[in-house]
Amino acid sequence: MSELSNIISAVESHHRFVEDQVRRARSDPHVGEELLRRWQQTISAIPNTATPTGLRIPRLALPQLDEPGEIARYIYGEGLPGEFPFVNSAYPQLYTHGNGQAKPANGNGKADDKMEEPTRLFAGLGLAEDTNQRFHYLTGHQRSIRLSTAFDGPTLYGIDSDADGALGKVGEGGVAIDTVEDMLRLYDGFDLGDEHLSVSMTINGPAPAILAMYIAAARRRFGLQVVPRLRGTVQADILKEAQAQNEILFPLDECLRFLGDMVEYTTRHMPRWYPISISGYHIAEAGATPVQQAAYTLSNGFTYAELFRQRGLDVNVFGPRLSFFLDCGLDVEYLVLARVCRKIWAIGMRDVFGAEPKAQLFKLHTQTSGRSLIAREFRNNLTRTAVELLLAYINATNSCHSNSADEPFTTPSEEYVRLAAHAQSIVLEESGLFKHTMNLFGSSPGMRQLESVVEAAILDEFRQIDALGGVLAAVEQRYQRSQIQLAAHRYEQQVHSGARPIVGLNLYRAEFPAPHDMHIVRTPLRKQRAQIARVREFKRRHAKSAGRALDRLEHVVTNGGNVFAELIETVEYCTLGQITARLREIVGCHRPVI
Amino acid sequence: MTNATAPIRVLTAVPLCDGHDSAISSINLELIHHGVEVVYLGYNRSVRDIVRAAIQEDVRAIGISSYNGGHVEFFSAVLAGLRAEGAGDIGVFGGGGGTITPRDAAVMQRRGVDRIFFPGTSLAEIVEYVKIRYGRARRGNRVNGRGGSVDRAVARLITAAEERPNLKSARVIGQRPHSAQHTAGESKTSLVIGITGPGGAGKTTLIDELVLRLIRSNASLRIAILSHDPSVIGSGALLGDRAAMIHSQHDRVFMRSFASRGQAGGVCAATVPCLHILRDIPAHAGVPPFDVILVETVGIGQEAMPFAPDFVDATVLVLSPDYGSRLQLQKIAMLDVADIVVINKSDLSPAMTASAEVQRRLDVNARGQRLVTTCAKRHRDAGVDELFAMLWPGSRRCASREPVAVFP
């Protein structure tokens, strides 16, 4: 049942393959000479670039090797950037956009104008129009338009702002979205069909209904022809919800069915959309170690691939539409975590799922660790985030979000959001570390050592999960959850004992209380009540059509049609809460495992 | 009157629309290792669920871990809910990392929250606080007939019985001497069903699904659940059934979670006195008695027979299909006395074999025992419908096919 044992075998057999190639390179003079020739050719094709002080350095850093065995080990074991198994990078070019007129490093990459800025900023506060305003403010600081959306608690749990007990949480920590009309307000003023615009929505349990609202809103504004041009990501990773984050509305099997319907629809009708972002971030934030984060994220990814394949979807169609999202904290494992993930993913997808190169890529978004930030002397968080950003870029992440220093106690204020964005510019544009040579830090002896230790630990985790019957069986036995809880508890004890030093908390702790003068962003109750009035008015206006729309939805759910396609119609008349309630009647509720 | 050595009981929960259970899970673990009995309600829980559970479980305090904002409103609503039910003596404490600012905390404490823990507080500090603040004998521990809800009165009597299980219920109850005359066999107004089986068979889920059907089958029916979980050797207990029993968090359901406190056999010393209380008190309080009382045991071993003959009206033994070999099956004592045997988790591959083997065993017994196969985790499972119809033959079938709002 579980493909994990096949993945483990594939990684092990890849190791044997690499060692065979090393031996051949050393024992067969023809092979050795060919490798040396190829290596010299690659190195001589690397363009140089000039630093501001006038030094000329190569755009790509490769080890100085004159021994065929080591060349084989690099080429087959790590791969040049953009080459299997993608240890160094998923793409042949990275971060060096706009610096010099150099051609792609190894001659077969994308042109420079396809490169994008990696900076992403996550925003969501108050009502849709408030977040819209924040989006316009943020994109004023960016060359490209990347709207990364956070939702409030009621939205994440699929209930309406007027639900019992929601008052106080409406617009807190994210934007309140109840209806397609809120969605229209949220992205007002942005051209959703523009190829330089992408939208990401961090939502999971109600992801199908929310994406349906997005499509319906875009359709209203730009007509039907906009749908295939829509570009962006919806998180929709329900496995990690069942393991760590707990935003899950229906029984897991039903959630996976709705997800499959959505993936089938978007891969068919929205070729530029990423319908799932397989996320370790929340697993790590819940307390997992870096190795657990990587192992659970990868095994979840392989499980999705297996499920979509079972539905009859082509791995080469859905594979390139999968993307990943990892946490980057201060633990030493983070120096290599993404490098190891890219390798295991590529081997598994190629050798177990038969995927072509573009479906082998572990495309990664990284966010710096929220958990590593603390409220005491919170300005230290600027430094923590800066170090994490360095680690993320050393790992060749494809995009990155840096946390605001004030996040431990509030929705980020504009001041600290701006500082967080600037931190990325300082690392990437001000400093010379990433803009001249794309992989200045890659493949150091320390990295290689760490990589093999981390990789072995990840495979050990795979073995555990496989022994329990695979990811879904392990979830049901609450394996991942209990492991994460144990790790979280151990972390707390280490903080308490001082084994894990945290400046300002258990090291150099100053005896003064947390500052009172910090600027807290809250959504005033007046605004929350306005949203409540708005959703009630929507319900009144659609009272007649809502019931019929929900009945049609129920018909599709019970008769096995594509639920997502129907949801795009349902959201014209129904609120998120109405949809969630009806789906729960039909398929049941998620029963928490503690 | 309160036994000084009785463990402190607290309820912990994460508010509505909030799934951040990492901190509270660590705190739960630390509390139980220091002798506290923690009733854990789980995440995404409403004010009403928290207040109801705290009163029914008669805890000394509620610990709320809130990370998604709205804490001032939420904590205030919990306090108001407790006071409205005459349970203002139940303490409320909490935390939320840095999301609760000192200014918020000041407002919350003015409104009656005992303590907000800020980031950087060690687990040891929290445990210490709980043990000192909520370890004292509580004032006014006599049952007060006025000002409190029925749930409150019942819950306080159960606590008295739990802390002094060896006293006769009459003396525990004190001002209600006539209830001593009642015995288990006398009152037939409540149907008592004992549900037992090994750990991991799915008893909790099955009970919750039965409760859902009971609630829907009749708009006035009242249900009580006595749920048992093991104590950790030499320390407290994590009583987590409520977190998974989503349908049972309902105003017509009275649920009480017991820690075994060292008692072997599947129930605890207070179970029988508590059954008496549940049968008698609602009538005294002028409300209809519980129609159904469900007793869930701790996960039991092969030899256990947790229910004395006139303890319950019917017994249900729940087994998972992976009980092992036929030889193992022969050793399960409850198979000879259970009225109904349930093979749950029918989606597992050995389910067919298990049903056949158990049926053969029941045929040999020739006592009219019945067998049903269920998959309780499945929504509207036909097997659970069948079990429901066996237990309550008069009820409408397929009662599960009606809307219910589980979460607000």
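Just so it is clear: chains get the letters A, B, ... in the order the sequence lines come, proteins before strands, and each one is counted from 1.
- The side-chain hydrogen bond (donor to acceptor under 3.5 Å, both in side chains) test with A:Asn246 is passed by exactly one of B:Asp21, B:Asp18, B:Asn44: B:Asp21.
- The residues B:Asp104 and A:Arg522 are annotated as salt-bridged, a charged nitrogen and a carboxylate oxygen being separated by less than 4.0 angstrom.
- With a 4.5 angstrom heavy-atom cutoff, A:Glu241 does not touch chain B via any of its atoms.
- Interface remark: A:Glu254 contributes no atoms to any contact with chain B (heavy atom separation under 4.5 Å).
- A:Arg481 touches chain B through its side chain: at least one heavy atom from C-beta onward sits under 4.5 Å away, while N, CA, C and O do not.
- Looking at B:Ala243, the atoms closer than 4.5 Å to chain A (heavy atoms on both sides) sit in the backbone and in the side chain alike.
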- [ ] Could you please spell out the steps behind the salt bridge (Lys or Arg N to Asp or Glu O under 4.0 Å) verdict for A:Arg591 and B:Glu209?
- [x] CA-CA 11 Å; A:Arg591 190 182 295 280; B:Glu209 286 293 320; 2.8 Å; yes

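- Here B:Asp208 is the residue among B:Val14, B:Asn28, B:Ile100, B:Asp208 with the most heavy-atom pairs under 4.5 Å with chain A.
- At most 12 non-hydrogen atoms from other residues, nucleotides or ligands lie less than 6.0 angstrom from CD of B:Glu128.
- With hydrogens and angles ignored, the 3.5 Å screen pairs a side-chain donor or acceptor of A:Tyr157 with a backbone N or O of B:Gly19.
- Contact check on B:Glu73 versus A:Lys169 returns no salt bridge, with no Lys/Arg side-chain nitrogen under 4.0 Å from an Asp/Glu carboxylate oxygen.
- Proximity to chain B is limited to the side chain of A:Arg509, based on heavy atoms less than 4.5 angstrom apart.
- Between A:Glu476 and B:Lys377, the closest side-chain pair of non-hydrogen atoms falls below 4.5 Å.
- Within the 4.5 Å cutoff, the side chain of A:Asp164 has no heavy atoms near those of the B:Ser46 side chain.
- With A:His496 contributing its side chain and B:Thr121 its backbone, the two residues share no donor-acceptor pair below 3.5 Å.
- Heavy atoms closer than 4.5 Å to chain A are found nowhere in B:Ala23, neither backbone nor side chain.
- Contact record, B:Cys17 with A:Pro154: SG-CA, 3.5 Å, taken as the closest heavy-atom pair.
- Neither the backbone nor the side chain of A:Ile484 comes within contact range of chain B; no heavy atoms are under 4.5 Å apart.
- Between B:Ile246 and A:Pro592 there is a side-chain heavy-atom pair separated by less than 4.5 Å.
- Residue contact with chain B, scored on non-hydrogen atoms closer than 4.5 Å, involves the side chain of A:Leu505 exclusively.
- For B:Phe118, no part lies under 4.5 angstrom from a heavy atom of chain A.
- Only the backbone of A:Gln245 has a heavy atom closer than 4.5 Å to any heavy atom of chain B.
- With a threshold of 4.5 angstrom between heavy atoms, A:Pro251 does not approach chain B through any atom at all.
- A:Glu492 approaches B:Ser26 most closely through the heavy-atom pair CG-OG, 4.1 Å.
- Residue B:Ser25 touches chain A through its side chain alone, counting heavy-atom pairs closer than 4.5 Å.
- Residues A:His489 and B:Glu30 have side chains that bring a donor and an acceptor to within less than 3.5 angstrom of each other.
- Counting heavy-atom pairs closer than 4.5 Å to chain A, the top-ranked of the candidates B:Asn68, B:Leu29, B:Val72, B:Val47 is B:Leu29.
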